[in-house]
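Below you'll find the structure, written out as structure tokens, and then a few comments.
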Amino acid sequence: MKFRTRAIHVGNAPDPQTGAVVPPIHPATTFVQPGAGEWGTFDYSRSGNPTRAAVESTLASLEGGCGSLAFASGMAATHCATMLLNSGEHIVAGMDIYGGTYRLLHKICNRAGIEVTLVNLQNPQELTAAIRPNTKMVWLESIGNPRITVPDLPEIISIAKAHQLLVGVDNTFATPVLLRPLELGVDIVMHSATKYLGGHSDCLAGVLATADPELHKRLYFIQNATGAVLSPFDAFLLGRGLKTLDLRVRAQCATAQRLAEFLEGPPAVEYVLYPGLPSHPDHARATALFQGLHGAMITFALRGAADDAKRMVKSTKLFHLAVSLGAAESLIEHPATMSHASYDPAARQAAGITDNLIRLSVGLEDGDDLVADLEQALA
Ligand SMILES: *Cc1c(COP(=O)(O)O)cnc(C)c1O
């Protein structure tokens, strides 16, 4: 079956008891066992729950994995992946990562004795140079944040594999509609399902997917031992969101392309970072990797005083001033003080997160209305 069909049918078989076309939500935390020491499919909801299992099967199918694990948040999912490492081991991560991932690596993983080096993955030689005998994992975003970079994933995978490193890809911005990293040889795909996968700003969730049953087992062991699982109610919302993922993302990409082209016009805009623009340094690579789509996240820089960016993000009427992304409603934010505030100032500087940057998450509103909103805010 094709992607859009799987999003609707995998994990959504009609309920055998009632014929309901939407499977029921199972809030039960515990399940009757056939006998002492005998186990059914489910026993206790931290270890497994039918509603969570259903959405995990949909997600595994969409990412082309052998299985997936659903977490209470994206950060819980990333944390689980980092717990594959032992104290004294080393992670190399891209410099253009989510602020919360930066904080997890530098303030939590470090305390567990895991060493972290951030490199500019736009230059894969920096990855080669950062690899040490104790390096175990490379962590990157398939579309970097907030400068909307598109790293050369096949090249990075080949360097990592030559050194027997695990590769983890945060695929939140790209979604499996644009890219399925497991098909390229990535070991672990992570999502903040809070964003496009849920798609409606009403469900906090995270996902890990892998194509290797052994690795899946190790991750499942950590998830069950540490406990940050997705609740049955949120699992239901996530599964409901997935049914329209492909439609939503394609519509959002089309509107984003239009908005990015519009933003290249006004003199108040210094530059626009959107991979669908020929002016983007990774345009050709993104077009090839993402099968002609370019995502729905746009970052642009304003000319003028640093304050102007803060004024602009308060001046839109349809774009809500808020962190997060990927939902029906369009959002605007100021990375330096919002999504990337948890970076050290020096690291923020190194990652090019200047005070005049503004990030847009393009939603599902009519493009005419969104262009008009940006026009009046710029004015
Ligand atoms: C939001 C986000 C996360 C963190 O996910 P939560 O669901 O907020 O815990 C990780 N990576 C990226 C790229 C994100 O946008």
Side-chain angles (χ1 to χ4, degrees), residues 55 59 63 68-83 91 93-109 118 121 138-151 153 168-179 181 186 188-209 223 226-231 234-235 237-238 241-242 245 249 252 256 273 275 295-299 322-327 330-335 338-343 351 353 357 359-363:
V55 78
L59 290 161
E63 281 291 358
S68 89
L69 298 165
F71 292 82
S73 71
M75 289 322 304
T78 303
H79 188 210
C80 178
T82 65
M83 284 190 275
I91 298 185
M95 161 175 283
D96 208 5
I97 49 173
Y98 177 67
T101 306
Y102 175 92
R103 179 172 56 196
L104 174 77
L105 294 174
H106 289 89
K107 307 261 160 81
I108 303 291
C109 295
L118 297 190
L121 288 173
V138 181
W139 189 266
L140 70 149
E141 297 185 6
S142 46
I143 299 181
N145 181 12
R147 292 190 65 88
I148 325 293
T149 46
V150 181
L153 200 49
V169 168
D170 179 335
N171 203 31
T172 300
F173 277 34
T175 81
V177 178
L178 273 66
L179 180 76
V186 161
I188 301 170
V189 172
M190 173 268 166
H191 279 279
S192 169
T194 313
K195 316 295 169 53
Y196 291 99
L197 303 190
H200 295 75
S201 299
D202 56 9
C203 165
L204 194 72
V207 180
L208 293 179
Q223 185 197 39
T226 55
V229 296
L230 188 64
S231 83
D234 288 316
L237 281 175
L238 177 53
L242 289 176
L245 176 69
V249 167
Q252 284 167 283
L273 298 171
M297 297 299 295
I298 303 172
T299 294
V323 295
S324 199
L325 59 118
S330 293
L331 301 175
I332 190 165
E333 68 113 5
H334 184 237
M338 295 171 65
S339 59
H340 290 71
S342 41
Y343 270 57
I353 308 168
L357 288 189
R359 193 186 78 180
L360 301 178
S361 167
V362 178

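Every number for a ligand or one of its atoms is a count from 1 in the order of the listing.
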>> Heavy atoms only, cut-off 4.0 Å: how does Leu325 contact ligand 1, side chain, backbone, both, or neither?
In response: side chain
> Which of the listed options, Thr194, Asp170, Thr172, holds the heavy atom that is closest to atom 11 (N) of ligand 1?
Replying inline: Asp170
> Does Met75, backbone or side chain, put an N or O under 3.5 Å from an N or O of ligand 1?
Replying inline: yes
> Taking atom CG of Leu59 and atom CG of Leu230, what is their separation to the nearest 0.5 Å?
Replying inline: 9.0 Å
>> Is the contact between Ala205 and ligand 1 made by the side chain, the backbone, both, or neither, using heavy atoms and a 4.0 Å cut-off?
In response: backbone
> Hey, does Cys80 have a side-chain heavy atom less than 4.5 Å from the side chain of Thr226?
Replying inline: no
> Going by the atom numbers of ligand 1, which of them fall below 4.0 Å from some non-hydrogen atom of Ser73?
Replying inline: 7 (O), 9 (O)
> Got an N/O contact under 3.5 Å between Glu141 and ligand 1?
Replying inline: no
>> I want to confirm something. Looking only at heavy atoms, which of Phe173, Tyr196, Tyr98, Phe71 is nearest to atom 4 (C) of ligand 1?
In response: Tyr98
> Roughly how far, to the nearest 0.5 Å, is the NE2 atom of His79 from the CG atom of Leu105?
Replying inline: 10.0 Å
> Judged by atom type as modelled, is there a donor-acceptor pair below 3.5 Å linking the side chain of Glu333 to the main-chain atoms of Ser339?
Replying inline: yes
> Heavy atoms, side chains only, cut-off 4.5 Å: are Glu141 and Thr149 in contact?
Replying inline: no
>> With a 4.5 Å cut-off on side-chain heavy atoms, are Met338 and Arg359 touching?
In response: no
>> Any side-chain to backbone donor/acceptor pair from Thr78 onto Met75? Under 3.5 Å, distance only.
In response: no
> At what distance is the nearest protein heavy atom to atom 6 (P) of ligand 1, and which residue and atom is it?
Replying inline: Gly74 N, 3.3 Å
> Among protein heavy atoms, which sits nearest to atom 1 (C) of ligand 1, and what does the distance come to when rounded to 0.1 Å?
Replying inline: Lys195 NZ, 1.4 Å
